**Q** 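Take this structure first; my questions come after.
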Amino acid sequence: MSFLQTLKDAGASPITSYIRFLQEYKSTDKALHLFIEGNDDPSFYTNFIKNIAGKKYELYFYNCKNKSGVYDNYKKINWNTYNKNKVLFFVDKDYSDILGLSFVTDDNIFVTKYYSIENYLVNVKILKRILTELLHITDTETIKGIIKTFKKEHKVFCQQMQILSSWIIYHRSKGNNIPLSKVNLSHIFSFDQDLKINRLQEPQGTRLLTYLNNKTGNVDTTECWKEIKKIYRQIKLIRKDKIHLRGKFEIWFLIAFINELMENVNSAKAKGEQKLKMNINLSKSNAVEILGSRLDIPKDLKKFIKYNIAK
């Protein structure tokens with residue numbers, strides 16, 4: 001088999017991941033075998049694990065492509081033969097708790113306390129590092145003002161997203177296919193010159209519900225909306241918005257806020273004056289890769305890694 005064909009075939013399914021694990025696992029090695037959901041996960045987890053485990057540990061990643069694939073691999077492994085604390089599994093919580101879905105639990109399975117890993121990346125500390133390290137803003141008062149606005153508008157965004165989260169939870173509970181990648185929050189929200197976020201009354205000229213159905217191919221009846229409103233009342237009682245706010249949507253807010261900040265600042269600059277810009281293109285697709293290494297290790301993840309390394 002050619003090298004190129006090997007690359008094409010590598011990691012194509014959970015079964016492939018399992019077979020590769022059997023080939024690579026050696027009980028005497030200083031190694032950790034890590035089963036993950038997707039491509040972004042190594043960018044998020046690697047530094048945290050390395051910093052705790054140390055350079056002496058080799059890390060082997062097995063991309064299972066989705067949450068089910070991670071759990072399928074866990075079930076395939078004979079734990080009478082393999083050391084659990086050397087084989088770790090990482091999954092996003094998603095809506096499993098809200099939907100009442102149950103998955104196997106174990107000391108070597110890490111489940112995010114928020115919807116997904118992206119939710120960990122949206123906070124004031126990360127914003128400050130973006131401002132200082134990527135936008136090169138160092139004036140203390142300027143940074144304080146931006147952070148104050150960010151916190152206020154992030155709260156507004158989270159509140160306004162509750163109805164959309166309720167709609168998603170409803171369709172997930174019914175097993176309906178809703179391709180959320182087709183939902184563009186730039187069609188639903190906009191920022192003004194003061195960086196205040198507003199939800200548009202008619203995304204692309206239609207009501208929000210019609211927009212969502214048009215984008216995802218669903219049809220919502222009056223009865224559907226009775227249930228969605230019931231879910232909405234329930235999630236309003238959840239104190240932490242990150243529990244139910246989709247991580248990629250929260251990342252969208254962070255990046256949209258930064259982009260709007262740059263646009264507003266630059267529009268006020270005189271001709272020839274130096275523009276505010278980044279040397280890298282921060283986007284939804286690379287946010288985990290760029291910001292993951294700038295994040296302080298989450299307490300729940302730190303506890304999980306330390307526990308397994310100590311065994």
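If you're wondering where the values come from, they're calculated on a predicted model, not measured in any experiment.
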**Q** Salt bridge (charged side-chain N to carboxylate O under 4.0 Å, His left out) between K174 and E227: does it pass, once the steps are laid out?
**A** CA-CA 11 Å; K174 301 300 181 183; E227 290 193 50; 3.6 Å; yes
**Q** Do the charged groups of D97 and K93 touch, with an N to O distance under 4.0 Å?
**A** yes
**Q** For the residue pair Y74 and I109, establish whether any side-chain heavy-atom pair is separated by less than 4.5 Å.
**A** yes
**Q** Does the distance from a Lys or Arg side-chain N to an Asp or Glu carboxylate O, for K226 and E223, drop under 4.0 Å?
**A** yes
**Q** Can you check whether T206's main-chain N or O pairs, donor with acceptor, with T210's side chain at less than 3.5 Å?
**A** no
**Q** Which distance, rounded to the nearest 0.5 Å, do you find between the CD of Q234 and the NZ of K229?
**A** 15.0 Å
**Q** Would K86 and Y25 count as a cation-pi pair here, with the cationic atom under 6.0 angstrom from the ring centre and within 45° of the axis?
**A** yes
**Q** Rounded to the nearest 0.5 Å, how far apart are CG of D220 and CD1 of I228?
**A** 5.0 Å
**Q** Is a side-chain donor-acceptor pair under 3.5 Å present for S43 with D40?
**A** no
**Q** Side-chain contact, heavy-atom cut-off 4.5 Å: V91 with Y71?
**A** yes
**Q** So, H244 versus Y95, ring centres under 6.0 angstrom or not?
**A** no
**Q** Has N264 got a side-chain atom pairing as donor or acceptor with Q193's backbone, closer than 3.5 angstrom?
**A** yes
**Q** Determine the interplanar angle of the Y114 and Y120 rings, folded into 0 to 90°, and report it as parallel if under 30°, tilted if 30 to 60°, perpendicular if over 60°.
**A** tilted
**Q** We want to know whether N63 and N39 form a side-chain donor-acceptor pair, criterion being a heavy-atom distance below 3.5 angstrom.
**A** yes
**Q** Looking at CD of E24 and CD of E58, how far apart are the two atoms once the value is rounded to the nearest 0.5 Å?
**A** 9.5 Å
**Q** So, K67 and D94, do they make that salt bridge, N to O below 4.0 Å?
**A** yes
**Q** Determine whether F257 and W252 satisfy the following criterion, ring pair (Phe, Tyr, Trp, His ring centres under 6.0 Å), listing intermediate values before the conclusion.
**A** CA-CA 8 Å; F257 180 89; W252 173 90; over 10 Å; no
**Q** Would you please say whether a donor-acceptor pair under 3.5 Å links the side chains of D92 and Y115?
**A** no
**Q** Look only at the side chain of R129 and the backbone of K125, and say whether a donor-acceptor pair between them is shorter than 3.5 Å.
**A** no
**Q** Please tell me if the side chains of I49 and L32 come closer than 4.5 Å, counting only heavy atoms from C-beta onward.
**A** yes
**Q** I'd like to check L185 versus F249 (side-chain heavy atoms, cut-off strictly below 4.5 Å). Are they in contact?
**A** yes
**Q** Keeping the roles fixed (side chain from N266, backbone from K275), state whether a donor-acceptor pair exists under 3.5 Å.
**A** no
**Q** Quick one: are F110 and Y45 in side-chain contact, heavy atoms under 4.5 Å?
**A** yes
**Q** Between R246 and E118, is there a side-chain N and carboxylate O pair less than 4.0 Å apart?
**A** no
**Q** Side chains of N83 and S27: does their closest heavy-atom pair fall under 4.5 Å?
**A** no
**Q** Nearest 0.5 Å, please: how far is OH in Y232 from OG in S166?
**A** 7.5 Å
**Q** Apply the side-chain contact (heavy atoms from CB on, under 4.5 Å) test between I137 and each candidate in I130, I146, T132; give the one that qualifies.
**A** I146
**Q** Inspect the contact between R207 and E202 and indicate whether a charged nitrogen and a carboxylate oxygen are less than 4.0 angstrom apart.
**A** no
**Q** Working note: F35 + F21, criterion ring pair (Phe, Tyr, Trp, His ring centres under 6.0 Å); need CA distance, chi angles, decisive distance, verdict.
**A** CA-CA 9 Å; F35 288 82; F21 163 73; 5.5 Å; yes
**Q** Just say parallel, tilted or perpendicular for the rings of F150 and F253, cut-offs at 30° and 60°.
**A** tilted
**Q** State, with a plain yes or no, whether a side-chain heavy atom of L200 is found less than 4.5 Å away from one of I188.
**A** no
**Q** Does one side chain, of N66 or E37, offer a donor that lies under 3.5 Å from an acceptor on the other?
**A** no
**Q** Does F48 have its ring centroid less than 6.0 Å away from the ring centroid of F304?
**A** no
**Q** May I ask you to test the I251-N119 pair for a side-chain heavy-atom distance under 4.5 Å?
**A** no
**Q** Can you check whether F157 and F189 have ring centres sitting under 6.0 Å from each other?
**A** yes
**Q** Say you draw a straight line from CG of N73 to CD1 of I19; how long is it, rounded to the nearest 0.5 Å?
**A** 10.0 Å
**Q** Counting only N and O atoms by type, is there a donor-acceptor contact under 3.5 Å from the side chain of K30 to the main-chain atoms of K55?
**A** no
**Q** How far does CD1 of I197 sit from CG of D192, to the nearest 0.5 angstrom?
**A** 10.0 Å
